[in-house]
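Remarks on the structure that follows.
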Amino acid sequence: MLAGSPTVDAGRAARHFPAAMAYEPKTIEARWQRYWLENETFRCEVDPSRPKYYVLDMFPYPSGQGLHVGHPKGYISTDAIARYKRMRGFNVLHPMGWDAFGLPAEQHAVETGTHPAITTQRNIDTYRRQLRSLGLSYDWSREIDTTDPRYVRWTQWIFQKLHERGLAYEAEVAVNWCSALGTVLANEEVIDGKSERGGHPVVRMPMRQWMLRITEYAERLLADLDDLDWPERIKRMQVEWIGRSEGARVSFPIVDGDKTIEVFTTRPDTLFGATYMVLAPEHPLVQKLTTEAQRGEVEAYVAEAARKSDRLRMAEGDDKTGVFTGAFAINPVNDARIPVWIADYVLATYGTGAIMAVPGHDERDYAFATKFDLPILEVVAGGNVAEAAFTGHGTAVNSGFLDRLPTQEAKTRMNAWLEDQGKGEATINYKLRDWLFSRQRYWGEPFPVMHLEDGTIKLVPEDQLPVTLPELDDWAPTGEFETPLSRVPEWIETSDPATGAKARRDPNTMPQWAGSCWYYLRFCDPRNDAEAWSQEALDYWMPVDLYVGGAEHAVLHLLYARFWHKVLYDCGLVSTKEPFQKLLNPGMILGYAYRYYDDNLSDDPDARPHAYPSSAVRIDGETAVAMATGEEVKARWLMQDAVRWSEDHEPLHPTLDDLPLEEVTEKMSKSRGNVVSPDDVIDEFGADAMRLYELFMGPLEKGAPWSTDGIPGCFRFLQRAYRLVMEEELAPGDGTQEQARLTAKTIAGVTKDMEAIQPNTAISKLMVWSRDISRDAPAPRAGTLAFVKMLAPFAPHLAEELWSHLGHTDSLTYESWPEADASQLIEDTITLAVQVNGKRRDEIQVPADSDEAAVRSAALASESVRRHMDGKEPRKVIVVPGRLVNIVV
RNA sequence: GCCCAGGUGGCGGAAUUGGUAGACGCGCUAGACUCAGAAUCUAGUGUUCGCAAGGACGUGCUGGUUCGACUCCAGUCCUGGGCACCA
């Protein structure tokens, strides 16, 4: 707990100053929040006469926990930028909404029987209240909620656009079925074969699923990254996710049969070195090719592979496993008979699910060939295949018509040959796979389609959208392989309004990503019931000029949204190729958590567990074990408040004697007990101090553990600003020469920092101004007005309060940003450092317009310089204008 | 294993194109005000030697380039993030 809370401060300050003079953030902030809301201060409309600026936060999923202090860092930053841009004359679109579909509300319904819509509304109300209490300048008239039928309608409409263009299709896909949750999970929701939430087991099951053909856009998603002003690492992550690679597709005919195995290779130049082939265990040809003699072994291997989790497969690393199918294929370049194996180091989901193995020039194939004693052939000179695979480029050898060609030419030559012979072709392959777009859940957008009895699919007519969710009173999963919606026959069974024919609705819903794929478009025209958006609104507002949100969305959300945007572009519905011009990722604010372990694995409340400090525990793969006994133990977490501190400031367990705790900084979460609510911080210091602190604690992109140590400093600064304006008699005009100069320098510096999105250094310049401005003379009115304006992006409530005290009746939201007086920025005397042999020895004052000779002689005249020159003659004198003089002896 | 980002006082962090390292804030020390404490204000605060003047050292570590390196180059260690048999 901190020494000075503002309430206490205010009371104490009141003894020295009239009561009205105390800085009381509570009163000020409530007053201005009400003012902004009542006057719709931040409402914006299309106005082609003014330049626009669209600054967007990634909208949140309103969870039941409410906001913690980590969330608002981005929101506060964008708010400062939005407020700054308004003062620079931009028409600013700064909206907020809710990504409100999602599994937690549905799980909550399972547990409590409360309808997810009710939970969701309640959570939204909390979030809205919390965001408003931070004084964020959103245009609340544009608030949207992805679960609102008026929004769902257009999400479904966009799905239909995708369907019409052949980009949505159904397929049998092995999905991650979790019977405990009663749903299929996305790959990212499965960790180590268990569900991310709850850690329930997950099995792979084939199921009819909606897929979106994002792969069709792979090339454009890749190419258009070039023009985006995004952090390089985010772009790189997308590039790697898309995973483009150039190579060739080659057909290998099977001996004794009419089938062929298709493979993808990036090294067609090594085709002569292919000495065997490998199919993924899941490859459809496996059953057909396997000879009777090998069948038993192959089937056992396939079954084993299906059972193994990805993690287990991965853990095997270089230790390759596999089984011979008994079949042989023909290498199309030299008609060699080569054996066909199956092995799980070949992935069913990449390329064609089959490879030609070139052990001489691929490390994995080399390891496999060595283990199973398969021939290794050198076809590229440059390494030593007796010792290791040579994967570099070199000169083709033992390769017939390719011999003596360098790798690059050999590839081209082979591709031409393959095409000529009809045995393959040059092709480009992507890691990116089509997007599994259905979830077996209730709380999502229903698919706007009808399944007719003849097996065809028809879209629900546009004028009948949205297809809304049916009411449901039993939320619990049955554990059957079915979806919640399929249990509502009166909803599932419908008829085609055009023909009256019987039809069934789709029992799946869309994933949470759907709503967030286009919300930035809806924000441009959120109340339009005739269309998803008007062309006019979009043409004016798009693209998003600045998009700010967590780096955890680097790939999925940002790739999916770009994909939808490009489809809409192809439909002629949006006019920009990309949605988000500039992207920034605020660093995560972490919380301190305190850990120890005990052996109460079953969480038995009556147990008297043995506790272990972290130093007595080692992590063995997934589990923690006590080093002394080898027994499994479980991590326990204590809240910061609960921790007892030893004399030398080491964290200790509050009741267990001398049990040291391990201090860990982790993402704030309920389970770690390290969540700090903004409500508490605001209550103690006010929203302005909290905003200031989150911006001041470091650069936007950098994360750090939350600590309240710096907040009182920010509070003091605001208090000083308050007193300066409220208590002191201001001098008219610009004040003294020095004051005018300080003000001009501050304006120039803060403006530069704002343009570079470096609020931390902007704030420090404001602190300097407030500290120094009234040191020798009363603060000047003109400078004070500029200061209050510059304070507004960071501490908007206080800035409004001061602005109004200075005699204004309107909000300062749309006041123009101060302009630095250029003449004040020119110094007439400058200070130069003087170095001797690169070491600083003195400094000199010279007129700013001194020429080099004058500077040089002034430097040589310095007493300290002479001493360090030690009587030697200068060999060289370097004069850096406006900076320093370096004398080399 | 591969890729990326980052290592600066007791702490959070500043530092244009290579040009006075440590702005600003926290903490700490001293002083003013006070019966006293809190708050507020003022001064000091990288380490080290020195009474001082003034030195020496100092941006993870080792070298290099340069008149001059937190900044550029090579190597190395550590921390955080991403990817992970992608043919």
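Chain letters run A, B, ... following the sequence lines, proteins first and then strands; every chain starts at 1. On a predicted model such as this, the values are computed, not experimentally measured, just so you know.
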Atom pair distance, as rounded to whole Å: OH in A/Tyr430 and P in B/C83: 21 Å

Please report the distance separating the C1' of B/A21 from the corresponding atom of B/A15, rounded so that it comes out in whole Å. 7 Å

Quote, to the nearest angstrom, the P distance that separates B/C73 from B/G6. 12 Å

Paired to B/C11 by Watson-Crick or G-U wobble criteria (both distances under 3.5 Å) is B/G25

Apply the syn/anti split at 90° from 0 to B/G9 and say which one it is. syn

What is the separation between atom CG on A/Asp753 and atom P on B/A14, rounded to the nearest whole Å? 11 Å

Expressed as a whole number of Å, how far does the C1' atom of B/G7 sit from that of B/U59? 9 Å

Choose from B/C83, B/A14, B/C4 the nucleotide whose nearest atom is closest to any side-chain atom of A/Lys431. B/C83

Can you tell me how far P of B/A87 sits from CZ of A/Phe368, to the nearest Å? 19 Å

Taking a pair to mean Watson-Crick or G-U wobble geometry with both distances below 3.5 Å, B/A87 pairs with none

With sugar-phosphate taken as primed atoms, P, OP1 and OP2 and all else as base, the protein-contact string of nucleotides 44-49 of chain B at under 4.0 Å (heavy atoms; B, S, -) is ------

Can you tell me which nucleotide in B/C4, B/A87, B/C85 comes closest to the side chain of A/Arg233? B/C4

Per A/Arg841 side chain, nearest of listed nucleotides B/A56, B/C67, B/C3: B/A56

Report yes if some heavy atom in the side chain of A/Tyr350 is under 4.5 Å from a heavy atom in the side chain of A/Ser245; otherwise report no. yes

Any chance you could list the contact pattern along nucleotides 17-25 of chain B? Use B for base contacts, S for sugar-phosphate-only contacts and - for none, protein heavy atoms under 4.0 Å, 5' to 3'. --BB--BBS

Could you please name the option among B/C85, B/C67, B/A87 that lies closest to any side-chain atom of A/Tyr350? B/A87

B/A74 and B/A23, which share atom name P, separated by this distance in whole Å: 32 Å

Taking B/G22 as the reference, what is the distance to B/G10 when you measure between their C1' atoms (whole Å, please)? 14 Å

Apply the test side chain to side chain contact (heavy atoms under 4.5 Å, CB included) to residues A/Ile757 and A/Ser77: give CA-CA distance (whole Å), side-chain angles for both, the deciding distance (0.1 Å), then the verdict. CA-CA 8 Å; A/Ile757 313 188; A/Ser77 305; 5.9 Å; no

Apply salt bridge (Lys or Arg N to Asp or Glu O under 4.0 Å) to A/Arg244 and A/Glu219, showing your working. CA-CA 8 Å; A/Arg244 180 185 196 275; A/Glu219 194 61 48; 3.1 Å; yes

What is the base-pairing partner of B/A32, counting Watson-Crick and G-U wobble geometry with both distances under 3.5 Å? B/U40

Provide the Watson-Crick or G-U wobble partner of B/G6, both distances under 3.5 Å; none if there is no partner. B/C78

From A/Asn331 CG over to A/Thr275 OG1, what is the distance, rounded to the nearest 0.5 angstrom? 9.5 Å

Counting only Watson-Crick or G-U wobble pairs whose two distances fall under 3.5 Å, which nucleotide matches B/G18? none

Are any non-hydrogen side-chain atoms of A/Phe264 and A/Ile355 less than 4.5 angstrom apart? no

If the cut-off is 4.0 Å, is A/Lys839 near the phosphate of B/C57, judged by side-chain N/O to OP1 or OP2? yes

To the side chain of A/Asp709, which of B/A87, B/C26, B/C4 is closest? B/C26

Starting at the 5' end of RNA chain B and moving along, which residue's nearest nucleotide shows up first, A/Arg267 or A/Gly698? A/Gly698

Taking a pair as Watson-Crick or G-U wobble with both distances under 3.5 Å, which nucleotide is matched to B/A56? B/U47

Roughly how many Å is it from CD in A/Gln758 to C1' in B/U16, rounded to a whole number? 11 Å

Students often mix this up, so state it plainly: with edges at 30° and 60°, are the rings of A/Trp435 and A/Tyr560 parallel, tilted or perpendicular? parallel

Any side-chain heavy-atom pair of A/Ile338 and A/Phe252 under 4.5 Å: yes

Taking the six-membered ring of A/Phe368, is the NZ or CZ of A/Lys320 close enough (under 6.0 Å from the centre) and on axis enough (within 45°)? no

A/Met790 versus A/Leu766: any side-chain heavy-atom pair under 4.5 Å? yes

Taken to the nearest whole Å, NZ/A/Lys235 to P/B/C4 is 16 Å

In whole angstrom, give me the gap between the C1' atoms of B/U66 and B/C70. 16 Å

Could you state the atom-to-atom distance from CG of A/Leu556 to C1' of B/G82 in whole Å? 13 Å

So A/Val380 and A/Thr407, do their side chains get closer than 4.5 Å, heavy atoms only? yes

Would you name the heavy atoms of A/Ala762 and A/Asp753 that are closest together and state the gap between them? N-OD2, 3.1 Å

Roughly how far apart, to the nearest Å, are B/C11 and B/G46 at atom C1'? 13 Å

Length of the line joining A/Glu246:CD and B/A87:P, which is rounded to integer Å: 12 Å

Would you mind telling me which of B/A56, B/C83, B/C85 lies closest to the side-chain atoms of A/Asp344? B/C85

Between CD of A/Gln238 and P of B/C4 the distance, given in whole Å, is 18 Å

Under 3.5 Å, is there a donor-acceptor pair between the side chain of A/Asp269 and the main chain of A/Ala410? no

Who pairs with B/G68 - Watson-Crick or G-U, where each distance is under 3.5 Å: none

Write down the distance separating the C1' atoms in B/C33 and B/G37, rounded off to the nearest Å. 13 Å

